[in-house]
Every structure is written in C-alpha cells, then in structure tokens.
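Computation of the quantities below employed the complete heavy-atom set of this structure, encompassing side-chain atoms and omitting hydrogens, waters and symmetry-equivalent molecules. A quick note: this is a predicted structure, and the numbers were derived from the prediction, not measured.
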Amino acid sequence: MRRAGIRGLLCEVGQLKAAVLSVTISLDPKKESRPICSPPVSESHCSVWCVAGAPLKVCPQGLSCCTAEMEDKLSQQSHTEIKAPVSRLSTTLQSTFKQRHDHFDKFFKELLKNSQTSLHNMFVRTYGMMYMDNAQLFTDFFTSLTRYYISGSSAVNLESMLSDFWADLLERMFRLVNVQYEFSDAYMECVSQHTEQLQPFGDVPRKMRIQMTRAFVAARTFVRGLSLMPDVVNKVSTVSASPSCVRAATKMLYCPYCSGQVALKPCQNYCLNVMRGCLANQADLDTEWNNFLDAMLGLADRLEGPFNFESVMDPLDVKISEAIMNMQENSVQVSQRVFQGCGTPKLNKAFRSKRSGKETGFTGRFRPYSPEARPTTAAGTSLDRLTTEVKKKLKHAKKFWSTLPETVCAGELTAPGDECWNGTAKSRYQSDVIGNGLANQVSNPDVEVDITKPDIVIRTQIAVLKDMTNRLKAAHSGNDVTFEPAEDFPSGDGESGSGCDSPSCGEDDIYISTAQNPEKPRVNTVQKDSSSASSRGSLALALWGLALALLAPHWR
C-alpha cells in the first residue's frame, strides 16, 4: 500500500480565513494511477497521487485524488464552510445594533433620571418645605414615567397618569391655599369639573401632554426596533443548509482538490448561483427587512425633530416652574372663579391664623432653558449625535440579505474568466446567473431547491418584521401603539408621534390617526386636546401659585 499526503489551502468563502486540511490517500497498486500536480512539476516531486475509478457521489467521476470516505468528510467540512461567512457577517450586524440599542436605552433612562434630579433640586430651592411635604407626588410621577418607558401602555396609561398627577396636585394645593375652609369630596369634584373653563395654567398642561406622549412613544418604539434587529438576524443566520446546498458547496469548494487542482478557485458566477441557491430563503427576507429599516430611519428623523425626547425631558422642571409662575400671576382671579362656580365653602372652625416664624413663600425667578445645555449621561453624547450615528448603520444594513451571495463570492475568493473551476473542469462558467429569492431557484443549474417549501423560521421573521414596521409607522404618524404584555422587552415597547411630515413640525400639529387593520397592532390616536387632562393639570399648578399668594399674610 502506497500513501501520499494532500496538504493545501481550503477555498476561502466570503471573508473566511484560510484553513489547512490534512488527509491521507491510499492508492491501490492494482489500479492505474499517475501523479497530477498543480502547478505541474516533475513526477519525482509530486506529492499528490490520483487514481481512476473512485466511486464518488458528488465530484466528477474518472481520475480522482479522493476516495468516497474522503468525499464524505469534505461534505461535512463544506457544511461548516458554507455557514461560516454568513455567521460571521451576521454576528457583526448583531453586535452593531445590540451596541446601538444599549446606548439609546441608557441615554433615555438617564434623561429621565436627570430630569427628576433637576426638578427636585429646583423645587427644594424654590418652595422649601412646601415641596418637601409633597415630594412623593413627584417621585411617583417619575416612577410612572420610567415604568411607561420600560413597559408601555401595558403598565401605565400615560394620558390617564398625567391627568391623575395634575388632579392630585390640584387637590393638595387647593386645600393648602384655602386652609380656612373645609372641602368635601363633592366640592373637590366640582373644582375638577370646572378646570376646562378656568385654565389657570394656560396651554402648558396640554402641550406637555402631547409632547411627552409622542416623545416617549417614539423613543420606546425606536429602542424596541433596535432590540428586534439582533434577534431577527440571529434566528435567520442559524437556519441550517439543505442537503442539496451542502452537495453544491462540496462540488464548488473541494472537487477541484479531487481533480488535483488544489489552487483552482471557483468561477465567480458559479459561486453566485450556488450561494443564491443556498441563501434563497434568506433573500426573501430582504423586502420586509428594507421596509423595516426605512421605518426605523423615518422614526429616527422624528427623534431628531418634533419628537425629541431630550428636548422634552431636559427642561421639564422649567416648564412646570413657568406654569406655576403663570398661576401666581392669576391666583386671585382663579380663586374667585372657583368659588363662583362651586360656591363658597364652609369656614373651618378649627382654623386659627398664625404667623410663620420663617418666610417660605415664592421668592425667585426661574432660570431660562437653553437648548444648548445638554445633560451628561452614561451614553456620553446627545440624542442628535446618537441618532446621526445609528442612521448611518441602518442605511448600511439595507439589502443585507439579498447581497449576501455577492458578499460571500466577492474579491479574490473567486476567479473570473476561463481560469476558474466551473463545477466540472477548469474552464469558463457558461450558465446564466439566476435571481435572488426562492421563486427564482426553479432554474438554478447548480442547487436543487424545493420552492414549494419555504423555511418556517424565516417566514416567521418576515411576519415579525412586518408587524414591527406597522408599529414604527404608527409611532411616526403620531399614534400610541399598544403592545401586548408578553411582547415587552427590557427597555420597552410603546408608541406615539405626530402626523406632521415636516422636520419643523410644531407643537400644535393635528395628529392623523392610522386606519384600523386586523393585521396591524392596536393603535390609539393621540388627540390634540383632552379637557380633563389639560384643564385639571392647568388648575392644579395654578392653584399652587394661588396658595402662595393667599397664605403669605399668615406666614408673616
């Protein structure tokens, strides 16, 4: 028995690094054999000996350097080789958007935290013990905002929460500024019913509600989209290669070895047909993938413009303070209108006028808000910069699945013209290059693909992308999309936005509702006005100012 070792570089697929394959060939001296070298050298220096008549299943019959056992091993290696470039490219894509998700999520959460801290510090300086005695109300307010960001409408109804916040603040402040009176629950209900006419806060609560709703929804939906991308890529990239794909890959990658042409690369068009056959199901994901990315880019534009989460949360303390100042200026008129509408309440028999040993009234003006004053966060940058960076990545990811075959077969990994392996010999590849996608594979000359059996995993991910695209569009159009609780993710789901298509979209935009569709997520239109939320909110902080004005004599 004579042995000869074959040692050569494997064909590179995609950007896969070259590996070294070692096999041992046993030559039967009873069969005709001769050395075949690539490149040709003298027979005495040739280390590759081939034999005729090897019973091969994939590679061409005739003179061969491989045995049936070797061909089986090469088929197993081909399965690994064909998955390697897809896995590598997909891992890079997953890592990119996992990192972007983490940056956005951390940034939004820290904006919430910074806003709460800023409000607390300002109100301690401005209102002293009056604020401290009611600080829990604001703590609960920010806790609810954080819960809404994390879990959306399944955890917190944002509009109802804001309405309750203003109502609770109204009750506390109204009782405080009118300590000489007794108020029944029925009387306080009357006050709440008249808030639409009173509007002591002007338009601040209504604008705040609209701004916060669409900003939170845009932020949550965008982060949800970023978290979805790595999951979809992971599921799609782990789809197993079919037996026919493995056979075609073996023929393309290793049959040149068996013919003694170790250095021969596949023809480029041959490689394209093989990879388009192997990745036919993945290519069918491309349409919904691109639609999803377009929707993400559209919502990113909203985050940079009218739905900017940073521009809403950063000056929140200033907005509330300005509202209190408005109330202070109109406190007497507000008090009179309340008594006219609901009647003069009964005097509190236990009330006794006392002087305060310490001045605790309103004493200062509030700092103006400067949009250039960006908060420092763990993400280390502003929302504008984060959004600009992620938009570049989103654009780069378009057509990822349909261009995988070209990516795998690019550059020096294949050979053009006649100096290449065409599947049977060193010659030009004559077949036409077929199109992408499952339907086109009916005419693939190199890979047998059953076009009647689409991959279930990939079809499921197509449906997932389509569903998320609808949610992104709803958020872009100014609608609050309700995710089911089971769909919640570590940083949230929810949605809302504005129907305005201009980057200069103003605060008073009319919101356009998206038509209901059984195949789309549940959508709730963000109304421009909500009398109960805005008016009750306005009166709440307005009466805080009223409290300061009416109690001033008792504090002196």
Side-chain angles (χ1 to χ4, degrees), residues 103-127 131-132 134-152 155-166 168-169 201 204-223 302-325 364 366-387 491-492 494 496-497 507 533-534 537 540-541 544:
H103 285 175
F104 271 89
D105 186 43
K106 183 180 293 185
F107 185 76
F108 289 143
K109 286 178 178 176
E110 291 225 355
L111 281 176
L112 279 164
K113 180 180 177 182
N114 291 345
S115 182
Q116 181 175 5
T117 300
S118 180
L119 184 143
H120 176 79
N121 292 339
M122 174 185 282
F123 279 33
V124 166
R125 293 193 305 269
T126 305
Y127 299 110
Y131 163 70
M132 294 301 295
N134 296 277
Q136 189 61 43
L137 174 64
F138 295 92
T139 299
D140 293 342
F141 171 70
F142 280 99
T143 297
S144 295
L145 287 181
T146 302
R147 288 180 61 215
Y148 178 71
Y149 170 74
I150 293 173
S151 299
V156 176
N157 183 309
L158 185 60
E159 184 169 348
S160 295
M161 185 276 289
L162 291 173
S163 178
D164 291 343
F165 167 74
W166 296 117
D168 196 352
L169 186 59
F201 250 171
V204 172
R206 182 191 68 85
K207 287 185 176 181
M208 187 180 295
R209 173 183 57 81
I210 294 175
Q211 291 169 352
M212 291 183 71
T213 299
R214 67 190 189 182
F216 267 82
V217 167
R220 294 187 63 255
T221 309
F222 191 77
V223 171
R302 289 290 206 231
L303 285 172
E304 289 180 316
F307 300 171
N308 192 300
F309 191 86
E310 185 175 20
S311 66
V312 170
M313 294 308 300
D314 188 34
L316 189 60
D317 54 348
V318 179
K319 292 178 182 178
I320 295 177
S321 297
E322 289 173 350
I324 295 174
M325 292 172 62
F366 299 101
R367 64 178 175 86
Y369 169 62
S370 173
E372 288 75 29
R374 300 297 191 184
T376 300
T377 69
T381 184
S382 71
L383 180 59
D384 292 340
R385 180 176 174 182
L386 282 175
T387 307
S491 26
S496 144
E507 295 175 345
S534 62
L541 289 183
W544 192 344

side-chain contact (heavy atoms from CB on, under 4.5 Å) between R214 and V312: does it pass, once the steps are laid out?
CA-CA 10 Å; R214 67 190 189 182; V312 170; over 6 Å; no
Which atom pair, heavy atoms only, marks the closest approach of L383 to E310?
N-OE1, 3.1 Å
Rounding to 0.5 Å, atoms CG (N134) and CG (D168) come to a distance of 8.5 Å
Can you name the nearest heavy-atom pair linking D317 to L119, along with the distance?
CB-CA, 3.5 Å
Taking the ring centre of each residue, are Y131 and F138 less than 6.0 Å apart?
yes
Taking only residues two or more places apart in sequence or in another chain, which ones pass ring-ring contact (aromatic ring centres under 6.0 Å, His included) with F141?
F165
Does any non-hydrogen side-chain atom of T387 lie less than 4.5 Å from one of F222?
no
Just to verify, what does M132 make a side-chain contact (heavy atoms from CB on, under 4.5 Å) with, not counting sequence neighbours?
H120, V124, M129
Taking the side chain as everything from C-beta on, heavy atoms only, tell me whether Y149 gets closer than 4.5 Å to D105.
yes
Please tell me if the side chains of K207 and K319 come closer than 4.5 Å, counting only heavy atoms from C-beta onward.
no
Provide the closest heavy-atom pair for V156 versus S144 in the form atom of the first, atom of the second, distance.
CG2-O, 3.7 Å
Partners passing side chain to side chain donor-acceptor pair (under 3.5 Å) against T139 (at least two apart in sequence or in another chain)
none
Please report the closest heavy-atom contact between A155 and R147, naming both atoms and the distance.
O-NH2, 3.2 Å
d(L112 CG, T117 OG1) to nearest 0.5 Å is 10.5 Å
Close side-chain approach of W166 to M208, heavy-atom, < 4.5 Å
yes
Sole residue of F107, F108, F104 in ring-ring contact (aromatic ring centres under 6.0 Å, His included) with F309:
F108
Supply the atom-to-atom distance S382 OG to E304 CD, rounded to the nearest 0.5 angstrom.
9.5 Å
Is a donor on one side and an acceptor on the other found under 3.5 Å between the side chain of S163 and the backbone of E159?
no
Beyond-backbone contact of L145 with L158, side-chain heavy atoms, under 4.5 angstrom:
yes
Enter the distance from T146:OG1 to Q116:CD here, rounded to the nearest 0.5 Å.
7.0 Å
Could you tell me the separation between the CG atom of L162 and the OG1 atom of T213, rounded to the nearest 0.5 Å?
6.0 Å
Using the side chain to side chain donor-acceptor pair (under 3.5 Å) criterion, which residues pair with D140? Sequence neighbours excluded.
Q136
Just verifying a value: how many Å separate K106 NZ and L386 CG, rounded to the nearest 0.5 Å?
11.5 Å
Is there a side-chain contact between N114 and M313 in this structure, where contact means two heavy atoms from C-beta onward sitting under 4.5 Å apart?
no
Ignoring hydrogens and geometry, is there a side-chain-to-backbone donor-acceptor pair from S115 to L111 under 3.5 Å?
no
